[in-house]
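Whatever order the structure lists ligands and atoms in, that order sets their numbers, starting from 1.
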Amino acid sequence: MPQLAVNVDHVATLRQARMGIEPEPVTAAYLAEMAGATGIIVHLREDRRHIQDRDVELIRKTCNTRLHLEMAATEEMQGIALGIDPEFVCLVPEKREELTTEGGLNCVGNEQRLKDFLAPLHAKGIRSSLFIDADPKQIEAARAIGTEYIEIHTGHYADAKEFNARNEELSKIIEGIRLAQGIGLKVNLGHGLNYRNILAFKDVPGIMEYSIGHSIMAKAIYVGLDRAVRDMAELVRSFAD
Ligand code: PXP
């Protein structure tokens, strides 16, 4: 059954807007788990624009499911991951000027560097995922790196306004899922998914987990976090195994 991992970065975004103490991402993570999330995701960015180091430390202590630490492949983040010991790390590209993660990680040509980067994390039992576009070359490179999981970037599909462009992006993702599964990678999906556009994946088998933040937090403003997470969890669990 596909699982739902909830990204709580946007709770921290709201708190950082006033540099105060609320809303509290640690509480949001706890409520998300109570509502059926099977994982909690935090992206500790280099510029600390939303999630702070103390959030990661506290969520590590209070998380009852699985903590996914999203991060750039930098020495600083490697040290933090080794100290925090999350169940998963997901490597993402990071640019200071971007609003959110804008594209997948470039694995092609970086195989050895990323393999070396992940080695101490794998040695500690931390599992890895690489956030990549549904590009066959990137998928093959991810396998060469030796990651167990990839997370296919669904942002281009989610952002496409025009029907044909959207379908084209969707086809690329579905082909990418098949290719990755065929070469033994486990596949997660994430970025820009909401209660409607996620339905395109309902009959696609073998997706391990959906990584979702913004749409859940947006709905939570109207109906509360419990209901927003429950609705999404129910949806993904109704999808093909
Ligand atoms: N997966 C990755 C790798 C991301 O960087 C993000 C955004 O932080 C997400 C999933 C979640 O995207 P969204 O907030 O659009 O659901």
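- Under the 30°/60° scheme for interplanar angles, the aromatic rings of His68 and Phe88 are found to lie parallel.
- Proximity of Gly192 to ligand 1 is established by a heavy-atom distance of less than 4.0 Å.
- The protein atom (non-hydrogen) at minimum distance from atom 11 (C) of ligand 1 is Ser211 O, 3.9 Å.
- Salt bridge annotation for Asp85-Arg60: absent, with no cationic side-chain nitrogen under 4.0 angstrom from a carboxylate oxygen.
- Using a 4.0 Å cut-off between a side-chain N of Lys or Arg and a carboxylate O of Asp or Glu, Glu33 and Arg230 do not qualify as a salt bridge.
- Of the N or O atoms in His214, one or more lie within a sub-3.5 Å distance of an N or O in ligand 1.
- The closest protein non-hydrogen atom to atom 4 (C) of ligand 1 is Glu70 OE1, 3.3 Å.
- Each of Ile145, Thr74, Asn110, Leu91 was checked for a side-chain contact (heavy atoms from CB on, under 4.5 Å) with Phe117, and the lone residue meeting it is Leu91.
- With a 4.5 Å cut-off between side-chain heavy atoms of Ile, Leu, Val, Met, Phe, Trp and Tyr, the cluster of Leu14 takes in none.
- Protein heavy atom in closest approach to atom 8 (O) of ligand 1: Asn7 ND2, 3.4 Å.
- In this structure, Arg166 satisfies the cation-pi test against Tyr157, with its NZ or CZ atom closer than 6.0 Å to the six-membered ring centre and inside 45 degrees of the ring normal.
- Nearest to atom 7 (C) of ligand 1 among the protein's heavy atoms is His191 CD2, 3.7 Å.
- Two residues are said to be in side-chain contact when any heavy atoms from C-beta on lie closer than 4.5 Å; Val92 and His43 meet this criterion.
- Counting protein heavy atoms only, atom 16 (O) of ligand 1 is closest to Gly213 N, 2.8 Å.
- Within the listing of ligand 1, atoms 3 (C) sit less than 4.0 angstrom from a heavy atom of Val92.
- The nearest heavy-atom contact from the protein to atom 1 (N) of ligand 1 is Glu151 OE2, 2.5 Å.
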